[in-house]
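Heads up, the thing below is written out as structure tokens.
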Amino acid sequence: MKTCTIELPLGHATISGDAHGISSVSIGDTCQKLSEIIPKDLLDCVTQLKAYFREEQRHFDLKLNSLGTNFQKKVWRHLQQIPFGKTCSYLDISKQLGDPKAIRAVANANGKNPLWIIVPCHRVIGSNGSLTGYAGGLHRKQWLINHERQNKQQMLF
């Protein structure tokens, strides 16, 4: 497993993965030493994350290789279908997965997402429109939602 740490507008991002794909991306406040050399297997991820923050990219096209249960992976695949600049609720996802009572399980799977930003768990909010938990902190979740909403292409006609 290869790892690198880069600086992004939200903090220092630690990226892990190998030739099989990216396994985790997380952002923290601690001052970690930034990587001087980006491993080849992580370079595309670094490039795409930086493009996302420069408002040049809305979707990620990366090989992913995160560990999780079958249910977690199902939820994570669903998260990738939430359009850029949009949000949905845990209840919405539960219903779309065929079990409206699975709200807590969906929220738990969302919270265990190891691929922050790439698998956009920040786009999931409470049914009443409120921000709910985010492993990186609610301030980052709000920042990401605002970043995506303000950068949606405006229609002229």
Side-chain angles (χ1 to χ4, degrees), residues 1-90 92-93 97 104-126 130-153:
M1 188 70 56
K2 297 172 182 135
T3 301
C4 71
T5 300
I6 62 170
E7 188 167 359
L8 295 174
L10 293 177
H12 289 177
T14 301
I15 303 164
S16 298
D18 56 25
H20 299 289
I22 304 301
S23 58
S24 70
V25 174
S26 62
I27 301 174
D29 293 320
T30 59
C31 293
Q32 298 179 23
K33 184 176 179 189
L34 298 177
S35 299
E36 293 179 21
I37 298 172
I38 306 298
K40 180 183 174 196
D41 292 333
L42 308 180
L43 189 56
D44 199 27
C45 182
V46 168
T47 300
Q48 290 187 40
L49 279 168
K50 288 184 176 185
Y52 168 86
F53 282 101
R54 285 190 313 264
E55 304 172 13
E56 298 170 355
Q57 183 160 340
R58 294 179 174 203
H59 308 289
F60 294 94
D61 183 23
L62 297 166
K63 187 176 178 182
L64 305 179
N65 187 28
S66 54
L67 297 176
T69 67
N70 288 337
F71 181 78
Q72 288 170 337
K73 289 179 180 182
K74 184 177 179 180
V75 171
W76 300 339
R77 281 190 301 273
H78 189 79
L79 295 176
Q80 291 177 285
Q81 303 306 312
I82 303 170
F84 181 93
K86 301 285 185 184
T87 57
C88 70
S89 71
Y90 297 101
D92 293 335
I93 295 172
L97 293 176
R104 287 185 188 267
V106 166
N108 189 31
N110 194 60
K112 295 200 184 301
N113 170 24
L115 293 162
W116 301 4
I117 302 169
I118 294 169
V119 175
C121 54
H122 61 275
R123 295 179 187 156
V124 184
I125 60 174
S130 65
L131 289 185
T132 54
Y134 186 63
L138 291 181
H139 66 288
R140 285 190 179 94
K141 184 173 189 166
Q142 185 67 65
W143 192 99
L144 289 164
I145 289 171
N146 291 344
H147 171 74
E148 291 185 4
R149 285 190 177 155
Q150 73 184 15
N151 294 307
K152 288 194 320 188
Q153 183 175 355

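Numbers here are sequence positions counted from 1. Below, each value reflects all heavy atoms present in this structure, side chains not excepted, and no hydrogens, waters or symmetry copies.
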Quiz item: Is any side-chain heavy atom of S23 less than 4.5 Å from a side-chain heavy atom of P114?
Solution: no
Quiz item: Any side-chain heavy-atom pair from L79 and I93 closer than 4.5 angstrom?
Solution: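 L79 reaches I93 side chain to side chain.
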Quiz prompt | Test ring-ring contact (aromatic ring centres under 6.0 Å, His included) applied to F60 and F84, Y52, W116, the passing residue | solution = Y52
Check for a donor-acceptor pair, side chain of [X] on one end and backbone N or O of [Y] on the other, with a separation under 3.5 Å.
{"X": "T69", "Y": "Q72", "answer": "yes"}
{"X": "E7", "Y": "L34", "answer": "no"}
{"X": "N110", "Y": "V124", "answer": "no"}
{"X": "W76", "Y": "A109", "answer": "yes"}
{"X": "D92", "Y": "S89", "answer": "yes"}
{"X": "K141", "Y": "T132", "answer": "yes"}

Check [X] against [Y] and note the closest heavy-atom contact, atom names and distance.
{"X": "H122", "Y": "L144", "answer": "CD2-CB, 3.5 Å"}
{"X": "Q57", "Y": "H59", "answer": "NE2-O, 2.6 Å"}
{"X": "A19", "Y": "D41", "answer": "N-OD2, 3.2 Å"}
{"X": "L42", "Y": "I15", "answer": "CD1-O, 3.6 Å"}
{"X": "S130", "Y": "I125", "answer": "O-CB, 3.4 Å"}
{"X": "H147", "Y": "E55", "answer": "CE1-CG, 3.7 Å"}

Practice problem: Could you go through the side chain to side chain contact (heavy atoms under 4.5 Å, CB included) check for V119 and V25 one step at a time? | Solution: CA-CA 10 Å; V119 175; V25 174; over 6 Å; no
Exercise. Would you please test T87 and R149 for side chain to side chain contact (heavy atoms under 4.5 Å, CB included) and show each step?
Key: CA-CA 10 Å; T87 57; R149 285 190 177 155; 3.4 Å; yes
Exercise. Please step through ring-ring contact (aromatic ring centres under 6.0 Å, His included) for the pair Y134 and W143, ending with a clear verdict.
Key: CA-CA 12 Å; Y134 186 63; W143 192 99; over 10 Å; no
Exercise. Start with the C-alpha distance between S16 and T3, add both sets of side-chain angles, then the distance that settles side chain to side chain donor-acceptor pair (under 3.5 Å), and finish with yes or no.
Key: CA-CA 4 Å; S16 298; T3 301; 3.3 Å; yes
Exercise. Begin from the C-alpha positions of L64 and Q80 and carry the test side chain to side chain contact (heavy atoms under 4.5 Å, CB included) through to its verdict.
Key: CA-CA 12 Å; L64 305 179; Q80 291 177 285; 3.4 Å; yes
Practice problem: Would you indicate whether H20, at its atom NE2, is surrounded by more than 12 heavy atoms from other residues, nucleotides or ligands within a distance under 6.0 Å? | Solution: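 Counting neighbours around NE2 of H20, 12 or fewer heavy atoms of other residues, nucleotides or ligands fall under 6.0 Å, so no.
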Quiz item: Take atom CZ in R104; do more than 12 heavy atoms of anything else shown fall under 6.0 Å from it?
Solution: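 No, CZ of R104 has 12 or fewer neighbouring heavy atoms, counting only those of other groups under 6.0 Å.
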Practice problem: Report the distance from atom CG of L10 to atom CG of L49, rounding to the nearest 0.5 Å. | Solution: 10.5 Å
Exercise. Begin with the C-alpha distance, continue with both residues' side-chain angles, and end with the deciding distance and a verdict on side chain to side chain contact (heavy atoms under 4.5 Å, CB included) for I22 and N65.
Key: CA-CA 5 Å; I22 304 301; N65 187 28; over 6 Å; no
